[in-house]
Amino acid sequence: MNVYKISIYTLLVIVLGCKPKFTKPNLTSGEIDATTFVSLGGSIAAGYSNGGVYYQAQKNSLSNLLATQLQLIGSADFKQPYVAESSIGIGNVNNAPSILSNRTDCQGVVSIGPVKIAAQGDVSIFSTNIFASQGPFNNLSVPDLKVIDADINGYNNPFYVRMASSNSSSILSDAILKKPTFFSLMLGLSDVLNFALKGGTADFVTPVAGSIGVGFDASITNVLNKLTANGAKGIIANIPSIKTMAYFNTIYYNSLKLDNATATSLTNFYAVLSPTIQFNEGNNGFVIEDVNQPLGYRQAVNGELILLNVPLDSIKCNKMGSLIPIPDKYVLTLSEIATIENAITSYNTILKNLANSKKLAFVDVNEFFTKVKAGFVYNGVSVNASFVSGGFYSLDGLNLTPRGNALLANEFINAINSNYQSNIPQLVATSYSGIIFP
Amino acid sequence: MIKYFFLLILSFPAYYFSQGFQVNLQGQKQQGMGGAGTAFIQDAATVFFNPGGMSFVANSVILGATPTIAKGAFQNANTNEISRTNSPVSYPFAAYGVVGLKDSSQLKFGFGIYTPFGSTVQWENGWTGRFALTRLQLRAIFFQPTISYKITNKIGVGAGFIYASGKVNLQKDIPIIDADGNYASAELNGKAEGYGFNTGIYFTPTKKFAVGLTYRSGIKMAVNNGTATFKVPASVAANFPNGKFTSKLPLPSVTTIGFKYEVNSKLNLALDINYVGWKAYDTLAFDYEVNTTSLLDTKSARSYKNTIAFRSGAQYAISTKLMARLGLAYGITPVQNGYVTPETPDANRINYTAGIGYQISNKFKLDASFLFTHLKRSDTNLETNLSGTFKTNVIAPGFSIGYIF
């Protein structure tokens, strides 16, 4: 009798109990109607990566990854202005995107680094307007888009021109055309970045004050007023400090490494005209151009940023940074950095206040990028802001890898869930690649 | 009084040996009774369970195996994604022999070969935690020559020397991807060795009651000449040189007190209480012979804590030839919150066991047992930040054949 019972229970356990079971939580959209999701942003939201826009980068754009998860709570098809899958893509100076590859420097040393896949990008991308064939679009993010340009009719940016609904439309008007029920707004970085990328020698930092199309405050308020006019809900992202980005953190102000003899001879060289410029064995501040100096040059000091596009061969082989000052366009001085960072701080205050007053979700991208710079581990993968090896920044040092976009999208999802009582699951960020190695 | 104490234990979820990566399937009769066997001396498996009681065992050999099926799964707390293990069936086995000059000799010699540690965890391809672990195979075989002396008809002492030989194979992916979309991977492979001992006292003041006390030492399994192999894209091959590594895996000491009570001629009850020295497993370190900026020696905190486990069982004689056994056990996990890993997604556990024994003849005895346990643990690992719930179901049917000389 006992034996029978035991046998029956044993069989039941084998049949029913072998494979562990989980119940997936029911997804709720909370206060969101995600039906029509529209994304407004700059390069990261557009799908710019490795120095250009191309099909795979668009597939892995921040906006598209966010849309993928919103589709789990009822969002409709998310239309992006895709370039052809076969196209090499194009960057914002008609350049081709880069891949990681072997290259030889001026000293004959072979190492891996970003190499453009062609002499020029696929300029045919800019020759055809695809609104009729592929639009209207949900992803209205455009590389280099500034807040002040978001509602300019006939905005003349080739990435927008190819997707515009007409010659006289604005990005914002095209967004409204979609009648969004939910939106993501990640604007403002280009308002400082174009200035920063030129070492403060060209372009400008968007002023806070001024009318729509001139000042940040009025322009962003206009964008949000129009987006929310019909009751749409959404998420606002703030702007990361440029100090968090690989582009400004790969070459240090004191990356000039000298042996004792070279240091002595350089110190002697500068001794008569500029006795304050001195060199020691080890790391030294680069000699940089500075128009505010009597002789037009000085040594870089702690806190100043050397840009990623500085010609390394000139530094290694042609005395740039030691005998020849590094040109101004490759350097952000302390005062330039202060201009940029103060603007970002002001923008972020405005963005936060707008999110509060309109009860929109708010994602602190600045805090997240700061966390990336410090480095963290995600599911066993270390993520940091190191160029190439960090896995977060793509080969342009500014925009993100697919994994970086997925991690950032998860921050958006967390902010949306906490503001709107939804429970959209995060992306499995480890399923998205970092830098691809040859 | 003692009788009621035993009934109380049996009616509650009883406490059992917690595991970590330990397997406790050393004897079929004992397994059928929740794993208790320190004071209930029945067969040559006593070589493992209590060397002190070995001198009370008839000259005999016993041979058994317990195919163990473990199905694991993980649900990521942030993404809801579910991953599963494809772990192969493992085959812990045990063989014991006990001899004396005569069956009634006071001095007996014994030998045990058994596999108290070991399993293979294989996660499905591309799972969330692939950069923490994709596959871990641990194997350890213990060889234990033992001597036991029956001081009087009521008390025996014994001791065995343990030589442990093991293998470890650990594989995981590295978050470096090549142009074909394949992730790099690492494989650490090595042989391990260690030494220890197993001692015990057995005391049976009355015919109905017995008590046993054992101490099995901890064993440091040292991998001194392991091989690290990396599959990485050519451009970073120099950063991940194939080469040697060393590591150590401490196996815990186990101190046990066990009781047996004979309720009547048909019913016996047994209880073992273990104190397991898992604190020894503080850090999992890998020391590579050649280091690079990408390949540094690693030290991962495991921070196991010492634990207590209870295991109890009953044996009922249906007839002179047929025995039925039931057991229930509870173990407290040595793995603290923040340290749960996909290698050993351990949790507090209840083990349900059952068994039967059949005497074919005066010489031959057959025993079979069955164990089921379910593990569930939610955690966020402090090192990898892997966050979610692990579940594991373990089914272990076992079988042994014994021969009495």
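Chain letters run A, B, ... following the sequence lines, proteins first, then strands; residues in each count from 1.
- Heavy atoms of other residues, nucleotides or ligands lying less than 6.0 angstrom from NZ of B:Lys172 number 12 at most.
- Contacts of B:Thr380 with chain A are absent, with no heavy-atom separation under 4.5 Å from either backbone or side chain.
- With hydrogens and angles disregarded, no donor-acceptor distance shorter than 3.5 Å links the side chain of B:Arg130 to the backbone of A:Gly380.
- More than 12 heavy atoms of other shown residues, nucleotides or ligands fall within 6.0 angstrom of atom CG in B:Asn264.
- Here A:Asn379 is the residue among A:Val428, A:Asn379, A:Leu27, A:Val377 with the most heavy-atom pairs under 4.5 Å with chain B.
- Contacts with chain A were tallied for B:Ile69, B:Leu133, B:Val394, B:Thr384; B:Thr384 has the most, counting heavy-atom pairs under 4.5 Å.
- Closest approach of A:Ser433 and B:Ile177 over heavy atoms only: CB-CD1, 3.6 Å.
- In this structure, the separation between CG on B:Asn182 and CZ on A:Phe437 is 15.0 Å, given to the nearest 0.5 Å.
- Within 6.0 Å of OH on B:Tyr352 lie no more than 12 heavy atoms contributed by other residues, nucleotides or ligands.
- Ranked by heavy-atom pairs shorter than 4.5 Å toward chain A, the options B:Ala132, B:Gly72, B:Ala73, B:Ala234 are led by B:Ala73.
- The line from CG of B:Asn80 to CG of A:Asn423 is 7.5 Å long, rounded to the nearest 0.5 Å.
- Among all heavy-atom pairs drawn from A:Lys21 and B:Lys391, the shortest one is O-NZ, 2.6 Å.
- Using a distance-only test at 3.5 Å, with no hydrogens or angles considered, no donor-acceptor pair links the side chain of B:Lys71 to the main chain of A:Pro20.
- The nearest pair of heavy atoms linking B:Ile82 to A:Phe22 is CD1-CB, 3.7 Å.
- For A:Tyr252, the OH atom counts as loosely surrounded, since its 6.0 Å shell holds 12 or fewer non-hydrogen atoms of other residues, nucleotides or ligands.
- In this structure, the portion of A:Leu427 lying under 4.5 Å from any heavy atom of chain B is its backbone and not its side chain.
- The two atoms that bring B:Tyr183 and A:Thr430 nearest to each other are OH-O, 3.3 Å, heavy atoms only.
- Taking NZ from A:Lys19 and OG1 from B:Thr85, the interatomic distance works out to 10.0 Å, rounded to the nearest 0.5 Å.
- For the set B:Asn385, B:Asp173, B:Val236, the count of heavy-atom pairs under 4.5 angstrom toward chain A peaks at B:Asn385.
- A:Ile413 CD1 to B:Asn78 CG: the interatomic distance, rounded to the nearest 0.5 Å, is 10.0 Å.
- For the atom pair B:Leu386 CG and A:Tyr378 OH, the distance stands at 9.0 Å (nearest 0.5 Å).
- Taking a 6.0 Å sphere around NZ of A:Lys257, one finds it holds 12 or fewer heavy atoms contributed by other residues, nucleotides or ligands.
- Contacts of A:Thr23 with chain B are made by backbone atoms alone, with heavy-atom separations under 4.5 Å and no side-chain atom involved.
- Interface remark: of the candidates A:Ser111, A:Ser101, A:Pro25, A:Gly391, A:Pro25 forms the most heavy-atom pairs closer than 4.5 Å to chain B.
- Atom CD of A:Glu367 has 12 or fewer neighbouring heavy atoms from other residues, nucleotides or ligands inside a 6.0 Å radius.
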